[in-house]
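Here the structure is laid out as structure tokens; the discussion comes afterwards.
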Amino acid sequence: MLAMLARVVGLRRIGLICGLGGGRGLWTGHSQSDTDNTKPLEGVKILDLTRVLAGPFATMNLGDLGAEVIKVERPGVGDDTRTWGPPFVGTESTYFLSVNRNKKSIAVNIKDPRGVKIIKELAAVCDVFVENYVPGKLSAMGLGYEDIEKIAPHIIYCSITGYGQTGPMSQRAGYDAVASAVSGLMHITGPEGGDPVRPGVAMTDLATGLYTYGAIMAGLIQRYKTGKGLFIDCNLLSSQVACLTQVAANYLIGQKEAKRWGTAHGSIVPYQAFKTKDGYLVVGAGNNQQFATMCKILNLPELIDDCKYKTNHLRVQNRKELIKILSARFAEEVTTKWLCLFEGSGIPYGPINSMKNVFAEPQVLHNGLIMEMKHPTVGKISVPGPAVRYSTFEMSEARPPPLLGQHTVRILKEALRYNDSTIGELLSAGVVTQHEAQ
């Protein structure tokens, strides 16, 4: 996909898709000799009207690939997550800082007709329009797909909602925990025999963000093939139900209702966390050879040929007795001792790390998962870095998350060619705002 997108950008130079954007600098072509670090989405402009997590997570990932992301925020308030804390660093919430790198912020009052005009003009010079309002709300303001398509037929318009564009739940607000409950994720998360548990991070939002990210990439490729824009419908409910995978198939195919297993697995034994003398270790044995190897490491060779545990099917049937034996053995040694014994064995294993331990983990450091940036008001900050690496360009030198309205004047001047007088009038009227740190 990335190779094709890079090719799309290059093809702009020979006119195969020129003029589709209708604006200035929508696609910037690069020949292979231009640079060895050209990112695949350089030249792609994204107008981002999303808030909170799913949308910002998607657009941040697109920004990591070189897209120019223009984040539209409410004057004086901004993205909801700017106030979600503690913790804060100065006046900045760490929640907001975690998912908004590589973006420019323009503060526009879209309830004002002049603000709506600005958004339409920006859409005309952008490739992608992303929003996460309740269905119909932007249409009532004149910013729905049907409105934007008229002035920007090239646009990839992506809408993120809680439950979809139509249907009995479509007008409900989409919050991760609620969608997690309705989709069944919360039903299968938590201790065996215990209460449902919300996952430690907003996995439904994040899954939707990743679906959105992929869908926008697909939309850009589709536009390359057809020369036309399109509408993309992403929602929390559909994303999470799709991610139920084998748990959903167990029910749909075998009519087997799901249950909570804690850290264990419904179809593989052993595959769970075991309490050690000073912590927890997760170990999995997905086949008979791995089970035999694990038994040898635990110094429990008698289990290998026990007729109750010779196959995974039998181990699942006799789960309670086997887990009781293994648990007793794991509790006899500290975690570091088990880590040494399992090293090089071919068995999947690892400790349950605290955040402190996660970001001291040698492999996490090796994979470059701590990204440092210099923020304009709070100084150096660190956030989780991109998960994927590429051979021909680097994911480095990210721009810090923007201050509210930090780039308002710059965007109006550079993207829309507004003059100082017009910008001054808009600022005086409160249609737009500009942060002091320009």
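Starting from 1, each residue takes its place in the sequence as its number.
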Chi angles and distances behind the side-chain contact (heavy atoms from CB on, under 4.5 Å) call for V72, D48: CA-CA 6 Å; V72 178; D48 181 7; over 6 Å; no
Pair D64-R101, side-chain contact (heavy atoms from CB on, under 4.5 Å): steps then yes or no: CA-CA 8 Å; D64 284 341; R101 65 174 173 264; 2.8 Å; yes
Side chain to side chain donor-acceptor pair (under 3.5 Å) evaluation trace for E131 with S159: CA-CA 5 Å; E131 56 88 6; S159 177; 2.8 Å; yes
Residue pair L365, I370: steps toward the side-chain contact (heavy atoms from CB on, under 4.5 Å) verdict: CA-CA 7 Å; L365 298 174; I370 300 176; 3.7 Å; yes
Step-by-step side-chain contact (heavy atoms from CB on, under 4.5 Å) determination, K104 to V69: CA-CA 6 Å; K104 298 174 182 176; V69 181; over 6 Å; no
Step-by-step side chain to side chain donor-acceptor pair (under 3.5 Å) determination, E333 to T276: CA-CA 6 Å; E333 305 288 353; T276 67; over 6 Å; no
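The line from CG of L244 to OH of Y251 is 13.0 Å long, rounded to the nearest 0.5 Å. In this structure, L369 CG and Q363 CD are separated by 9.0 Å, a value rounded to the nearest 0.5 Å. Expressed to the nearest 0.5 Å, how far CG of L185 lies from CD1 of I188 amounts to 5.5 Å. Within the model, atoms CG of L138 and CD1 of I148 stand 8.5 Å from one another, a figure rounded to the nearest 0.5 Å. Note that CD of Q222 is 8.5 Å distant from CD1 of I156, once rounded to the nearest 0.5 Å. Between K150 atom NZ and K120 atom NZ the span is 8.0 Å, to the nearest 0.5 Å.
In this structure, E343 contributes its side chain and C340 its backbone to no donor-acceptor pair below 3.5 Å. Panel note: side chain T422, backbone Y418; no donor-acceptor pair is recorded below 3.5 Å. R260 places no side-chain N or O within 3.5 Å of a backbone atom of V197 that could act as its donor or acceptor partner. D127 places a side-chain N or O within 3.5 Å of a backbone atom of K45 that can act as its donor or acceptor partner. When atom types are taken as modelled, the side chain of E42 and the backbone of K39 share a donor-acceptor pair closer than 3.5 angstrom. A donor-acceptor pair is defined here as one N or O able to donate and one able to accept, closer than 3.5 Å; such a pair exists between the side chain of S93 and the backbone of T81. Looking at T408, its side chain does come within 3.5 Å of a backbone N or O of T433 through a donor-acceptor pair. Listed for the R319 side chain is a donor-acceptor partner under 3.5 Å among the backbone atoms of G266. Listed for the D176 side chain is a donor-acceptor partner under 3.5 Å among the backbone atoms of D205. The main-chain N or O of P56 is found under 3.5 Å from a side-chain atom of T59 such that the two form a donor-acceptor pair.
At a threshold of 4.5 Å between non-hydrogen side-chain atoms, the residues D80 and F96 do not count as touching. At a threshold of 4.5 Å between non-hydrogen side-chain atoms, the residues P386 and M60 do not count as touching. Between R399 and M373 the shortest side-chain heavy-atom distance does not fall below 4.5 Å. For the pair D420/K413, a side-chain contact is recorded, criterion being any heavy-atom separation below 4.5 Å from C-beta on. In this structure the side chain of F359 never reaches within 4.5 angstrom of the side chain of N353, judged on heavy atoms.
By the 6.0 Å and 45° rule, R82 does not stack over the aromatic ring of F88. Cation-pi geometry between K275 and Y280 is satisfied (NZ or CZ under 6.0 Å from the ring centre, within 45° of the ring normal).
A donor atom on one side chain and an acceptor atom on the other are not found under 3.5 Å apart for N419 and S421. Side-chain atoms of H187 and T189 form no donor-acceptor pair, as typed in the model, at a separation below 3.5 Å. A donor and an acceptor atom, one from each side chain of S105 and E73, are located under 3.5 Å apart. Side-chain atoms of T161 and N235 form no donor-acceptor pair, as typed in the model, at a separation below 3.5 Å. For the residue pair Q240/S180, the side-chain donor-acceptor check at 3.5 Å is not satisfied. When only modelled atom types and interatomic distance are considered, N357 and E361 share no side-chain donor-acceptor pair under 3.5 Å. Side chains of N109 and R74: no donor on one and acceptor on the other come within 3.5 Å. Side chains of Q171 and Y163: no donor on one and acceptor on the other come within 3.5 Å.
Aromatic ring pairs are classed by plane angle as parallel below 30°, tilted from 30° to 60° and perpendicular above 60°; the pair Y145 and Y157 is perpendicular.
At most 12 heavy atoms of other shown residues, nucleotides or ligands fall within 6.0 angstrom of atom CG in D195. Atom OH of Y133 has more than 12 heavy atoms from other residues, nucleotides or ligands within 6.0 Å. Counting heavy atoms of neighbouring residues, nucleotides and ligands inside a 6.0 Å radius, atom NZ of K259 exceeds 12 of them.
Ring to ring, F330 and W338 are close: their centroids are under 6.0 angstrom apart.
Taking all atoms of both residues into account, the shortest heavy-atom contact from T212 to C158 is CG2-SG, 3.6 Å. Across all their heavy atoms, S170 and V134 have their closest contact at O-CG1, 4.3 Å. L49 and N132 make their closest contact through O-OD1, 3.6 Å (heavy atoms, listed as atom of the first residue, atom of the second, distance). Looking at every heavy atom in both residues, H407 comes nearest to P402 through CE1-CB, 3.8 Å. Taking all atoms of both residues into account, the shortest heavy-atom contact from V409 to Q434 is N-OE1, 2.8 Å. Annotation for R114 and A429: closest pair NH1-CB, 3.7 Å, computed over non-hydrogen atoms.
Between K117 and E121 a salt bridge is recorded (basic side-chain N to carboxylate O distance below 4.0 Å). Comment: D79 does not engage K103 in a salt bridge, judged by the lack of any side-chain N to carboxylate O separation of less than 4.0 angstrom.
Residue T208 is tested with S238, S239, C243 for a side chain to side chain contact (heavy atoms under 4.5 Å, CB included); the sole match is S239.
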